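These figures come from a predicted structure and were not determined experimentally. Convention: sequence-line order gives letters A, B, ...; per-chain numbering from 1.
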2 protein chains.
Amino acid sequence: MGKLDFSPIADTTRRAEIVALLRRAILTGQLEPGQKLNELRIAEQMRVSRAPLREAMRELVQEGILTSIPYAGTFVIDVTAKDIDDAYSLNKVLDEFAIELTWKLRDERFFDELDRRHEAVKQATRDLDTTRQIETALQLHGLIYEWADNSVLLETWQRLTSRLQMYFALHQHARNEPVPAEDVHETYVRLLKGQDMRAAQRHAREHIDLDFEELLAYARSLEQRTSKGGRADRAGRTNSA
Amino acid sequence: MGKLDFSPIADTTRRAEIVALLRRAILTGQLEPGQKLNELRIAEQMRVSRAPLREAMRELVQEGILTSIPYAGTFVIDVTAKDIDDAYSLNKVLDEFAIELTWKLRDERFFDELDRRHEAVKQATRDLDTTRQIETALQLHGLIYEWADNSVLLETWQRLTSRLQMYFALHQHARNEPVPAEDVHETYVRLLKGQDMRAAQRHAREHIDLDFEELLAYARSLEQRTSKGGRADRAGRTNSA
DNA sequence: GACAAGCAGATTGTCGACAATCTAACAAGA
DNA sequence: TCTTGTTAGATTGTCGACAATCTGCTTGTC
């Protein structure tokens, strides 16, 4: 009797596919921050009615990458330097916690998966596929969250990830230079395999620092340019209690 | 020239009202964990069509208090002891961080608001209104998050709050005893007004401990009862990437 | 009696049309 | 010229109906 694990079959609703499509478009920067999403046009392009499209948009609003103003429209969130800074500092705290939880649960399968994801990053780097590079790097980073066995923490991280990916993609789009050739993740992986938890936590902080500092500088420079032509000044309250 | 600040007017879409109604029903325990939400029936009761209702449900799914299985239905999330434990441990970490961020930003307005919310809890306690007691206690606790000036952290806390409120309400419903008469928040408020940040952080942890320990014990006992009559065994994957 | 096929009934997913609201352009009056 | 009222167009919010899917029962067969 083979002990085969079947994974759940794909969600076959239009809504789910639309969510995936839109999310990808936003996270890769095809839809720019602040841009308005015209329901009619998008629905026509996707050959779908507005109902599932609107439901999909509601999901992405709650996911934090869209924002909705009643009777005005749904927009890709605006990226401010403060947003990035906020996400950055929270991420540091969560990382420390995730490493702590994961530490005792590491095993062979963990190390294997760690190597696999590390390899994916290196492959994307060789291919000069910056979008995929961001994606794989975040997946590598996310392993400690998946392994921590804390569903709420994982959810939180995934929400954060959406934004981080968007921020990084935005950054990449601007300066179209491929990211550093040297492997910045080498040390991270090595420490996660080692015995010194504190050292791993410390490095996670500093490693993130590196990426973010550059990102922040870019965001701040953007802020200068944008401030003159600011759009919607209405407070986009979406999560009113 | 009067310098009057107008707050944004209320959202006047049916969708927003439905979200509020449903959320309240769930968080107060009127809708029980695991219960299925029949769209047609709810829509009729609310005198609303299914479109805005479904959009509202999509929001609550992303908010984490509903879960959806395509072509099967949308259900109130099931509460497991592990969920509570997960939320509990993450909350400790976030509390520590929130206090750290808030600490330097405390001012007169902060202390006033702290007192105001503390008073609200005491009032609810006097009224023996357990539901409101939970609500106000969480609002008191949430002040440090609102004050921390980190939007991502605040969002995270609000998501967590939804669940916590649901868990506590569930607990209260079961044992219909009014919560401790003595004021467990006295110390918390005093420490937040003091000068010793570490002490405040430490107390936040231990104070939460108290409430949660009881909650956890209850959840575990529930688990025993429920395990025999388990419902949907399909993996309710909702956030497939 | 056990089991598979097939058939209602109910429920969710999707569609196209209508109503409510916003925006911008234009006209009228101080 | 500036402000205010009006109107037309576009877009979002909502509705009622239809299609796709699931569930449980019935039927027929062995």
Between Ser49(B) and dT14(D), is there a side-chain N or O to OP1/OP2 distance below 4.0 Å?
no

Of the candidates dG13(D), dC15(D), dT14(C), the side chain of Arg15(A) sits closest to dT14(C)

Given dC15(C), dG13(C), dT12(D), which nucleotide is nearest the side-chain atoms of Tyr71(B)?
dG13(C)

Is Arg50(B) touching bases, backbone alone, or none of the nucleic acid, heavy atoms closer than 4.0 Å?
base

Backbone N/O of Asn150(A) and side chain of Lys82(B): donor-acceptor pair under 3.5 Å
no

Between Gln123(A) and Asp127(A), is any side-chain donor less than 3.5 angstrom from a side-chain acceptor?
yes

Starting from P on dC22(D), measure out to CD1 on Ile69(B) and report it in whole angstrom.
12 Å

Whole angstroms only, please: what is the CZ-C1' distance between Arg41(B) and dT12(C)?
14 Å

For Ile18(A), which contact category applies under a 4.0 Å heavy-atom criterion: base, sugar-phosphate, or nothing?
nothing

Measure from the side-chain heavy atoms of Asn38(B) and tell me the nearest of dT11(C), dC15(D), dC15(C).
dT11(C)

If I take atom CG in residue Leu66(A) and atom C1' in nucleotide dT12(D), what distance separates them, rounded to the nearest angstrom?
15 Å

Can you tell me which nucleotide in dT14(D), dT14(C), dT12(C) comes closest to the side chain of Glu55(A)?
dT14(C)

Nearest-Å distance for atom pair CG/P, residues Leu40(A) and dC15(C):
13 Å

How many whole angstroms separate atom CZ of Arg14(B) from atom P of dA20(C)?
9 Å

Separation of Leu94(A) CG from Leu154(A) CG (nearest 0.5 Å):
11.5 Å

Between C1' on dT14(D) and CD on Glu17(B), what's the gap in Å once rounded to a whole number?
14 Å

Decide side-chain hydrogen bond (donor to acceptor under 3.5 Å, both in side chains) for Tyr145(A) and Asp95(A); before the verdict, give the C-alpha distance in whole Å, the side-chain angles of both, and the deciding distance to 0.1 Å.
CA-CA 8 Å; Tyr145(A) 289 91; Asp95(A) 260 20; 2.5 Å; yes

Smallest separation among heavy atoms of Gly142(B) and Trp157(B), with atom names:
CA-NE1, 3.5 Å

Would you kindly compare Gly73(B) and Ala51(A) by the position of their nearest DNA chain C nucleotide and give the one closer to the 5′ end?
Gly73(B)

Leu53(B) CG to dG13(D) C1', in whole Å, measures 14 Å

From the candidates dC15(C), dT12(C), dT11(D), the one with an atom nearest any side-chain atom of Lys36(B) is dT12(C)

Just to be sure I understand the rule, does Arg54(B) reach a base, reach only the sugar-phosphate, or reach nothing, if contact means heavy atoms closer than 4.0 Å?
base

Nearest-Å distance, CD (Glu44(B)) to C1' (dG16(D))?
12 Å

